[in-house]
Amino acid sequence: MTGTHDLPLTDDAVANREAIERLLAAQSGGTLRLPAGTFALDRGIAVGPGWTLAGAEHGDGPVTTWLTSSASDGAPLLHVLGSRVTIQGIGFRPPPFGPGEHGGDRGTAITVGRYLYPTQAEWIEGIRIRRVQVERPDTRTANCIAVMGAVRDLTIAEVSIVGGCTGVAVHWGAVGERVDSIVGPSYHPHHLSITDLHVTDAFEGFYLSSVHDVVVDRARLSAVEIGFRLLPGDNTDRFHAADDNAVGERIRVTRAWVSWNGPLYAMRIAGWGRSEIDQSIRVLEYRDVVVSDCTLVPLPLATPGFGDPRRSRAPVVLEQASGVTLDGIRVDVPGDSSTAAGSWSSAVDRT
């Protein structure tokens, strides 16, 4: 039986987690409303199909319901593993965690899906993440929100993130025990909409790796080392079985504003990827991909003297990325009117 449930929480992290899990297990979906305040969990929670998790009403102001954790196991605070799930009006403060190079779905505030699956997966769809805040200003080792593998029909809107590695990481997934022993099939997130994303003081605003049919609109990425990346994935579409939807098609990034303080680039679009399985290099051909009406603002380096002296600092880097249209890319250099408005062609490093 579904319905709306107002769940009281306390300062007992174990009791809070058990109360939420008990309700999620006892019902086949519904709305779980959490009270205003900051509440700890002793570990993360898995969310099955049909649930809405909502914080206290806060009008147009900041969220008033916060979930925290001090767990060190790397489980996401919320791990969405079922379809038709909405998360709205909640703030998250995940604990510090270092997941390593291939742990993008670990240590997050919210993860939807998985990177590696033990067997063939069912698609997770109909996911809505709205008016969510994430704060992890003291660490840049783990992502904040991750969308991984068999996920489609997902909306992220009005999300604000401070700190962390990547604000929103969107990555393909596959069947396999490890990234170097994938057997397939692979799953590529698609039909995604990301709007009004604000990321501050993170390593990176967002990335899209081996996806198709994605729209990102009105992203504001401030004081980040990297603004955003479009990537083909470690194995491009080597294990992709859905012939009717090629990876790398129909992607739009529009009206992004990026102020970046890293030594490399504000945005990178790469068509090549090196396989973790056999180390071979494959190239993904993008089709109908447009990045338009974006403003890139170079800031002084956060770490002066750091970087690769063999490579210049470029607002835009294109690497074997045919099939990508850049339109209306503006580079604003603070305090330098002579170079404030450059066409995209003078701001691109093509390698």
Side-chain angles (χ1 to χ4, degrees), residues 98-106 113-121 123 141 143 146-152 165-166 168-190 192 203-204 206-214 226 228-251 253 262-265 267-289 291 307-308 310-312 314 316-326 348-351:
E101 183 179 3
H102 300 297
D105 55 351
R106 305 275 294 159
R114 298 183 188 275
Y115 182 18
L116 297 176
Y117 295 85
T119 60
Q120 291 195 29
W123 285 91
T141 56
N143 298 327
V147 179
M148 300 273 169
V151 181
R152 62 191 180 194
C165 184
T166 299
V168 177
V170 184
H171 198 286
W172 63 286
V175 175
E177 292 185 0
R178 301 186 313 274
V179 68
D180 59 356
S181 60
I182 290 170
V183 297
S186 61
Y187 304 98
H188 302 260
H190 58 277
L192 313 181
F203 172 74
E204 178 180 42
F206 68 87
Y207 74 73
L208 309 175
S209 178
S210 202
V211 302
H212 63 89
D213 293 281
V214 178
I226 294 172
F228 61 89
R229 292 177 293 165
L230 307 186
L231 304 171
D234 299 333
N235 294 285
T236 60
D237 57 353
R238 176 175 180 172
F239 298 104
H240 189 219
D243 295 333
D244 56 332
N245 283 303
V247 176
E249 289 191 345
R250 297 177 297 278
I251 299 172
V253 178
L264 296 178
Y265 43 77
M267 69 186 225
R268 175 187 176 217
I269 304 174
W272 69 276
R274 186 186 301 276
S275 171
E276 294 281 352
I277 298 173
D278 58 13
Q279 304 304 307
S280 62
I281 293 177
R282 293 173 173 81
V283 176
L284 172 73
E285 182 179 353
Y286 289 106
R287 296 181 180 88
D288 191 16
V289 174
V291 179
D308 185 348
R310 298 167 299 178
R311 189 170 192 174
S312 61
V316 182
V317 171
L318 295 180
E319 298 176 346
Q320 299 187 56
S322 62
V324 176
T325 298
L326 301 181
V348 175
D349 178 12
R350 298 176 181 271
T351 58

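Residues V179 and L116 approach most closely at N-CD1, 3.9 Å, considering heavy atoms. Taking both residues in full, the closest heavy atoms of S209 and G233 are given as OG-CA, 3.4 Å, listed atom of the first, atom of the second, then distance. In this structure, Y187 and Q120 approach most closely via the heavy-atom pair OH-CA, 3.3 Å. For the residue pair Y117 and M148, the shortest heavy atom distance occurs at OH-O, 3.5 Å. Minimum heavy-atom separation, H212 to G248: CB-N, 4.0 Å. Minimum heavy-atom separation, S186 to H240: OG-N, 3.2 Å.
In this structure the side chain of P185 reaches within 4.5 angstrom of the side chain of V175, judged on heavy atoms. A 4.5 Å side-chain heavy-atom check between Y265 and I226 finds at least one atom pair inside the cut-off. Within the 4.5 Å cutoff, the side chain of W172 has no heavy atoms near those of the V247 side chain. Counting heavy atoms from C-beta on, the side chains of R106 and Y115 never come closer than 4.5 Å. The closest side-chain heavy-atom distance from R268 to Y207 is not below 4.5 Å. Counting heavy atoms from C-beta on, the side chains of C165 and T141 never come closer than 4.5 Å. Looking at L318 and L326, their side chains come closer than 4.5 Å, going by heavy atoms from C-beta outward.
Between atom CZ of residue R229 and atom CD of residue E319 there is a gap of 10.5 Å, rounded to the nearest 0.5 Å. Put simply, CD on Q320 and CG on L284 are 11.0 Å apart, with the number rounded to the nearest 0.5 Å. One distance of note links CD of E285 with CD of E249; it measures 9.0 Å at 0.5 Å rounding. Rounding to the nearest 0.5 Å gives a distance of 7.0 Å between CZ of F203 and OG1 of T166.
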Inset, instruction - Verify side-chain contact (heavy atoms from CB on, under 4.5 Å) between L230 and V291, making sure each step is shown before the conclusion. - result: CA-CA 10 Å; L230 307 186; V291 179; 4.2 Å; yes
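D288 has no carboxylate O lying under 4.0 Å from a charged side-chain N of R250, or vice versa, which leaves the two without a salt bridge.
For H171 (side chain) and A169 (main-chain N/O), no donor-acceptor pair under 3.5 Å exists by modelled atom type.
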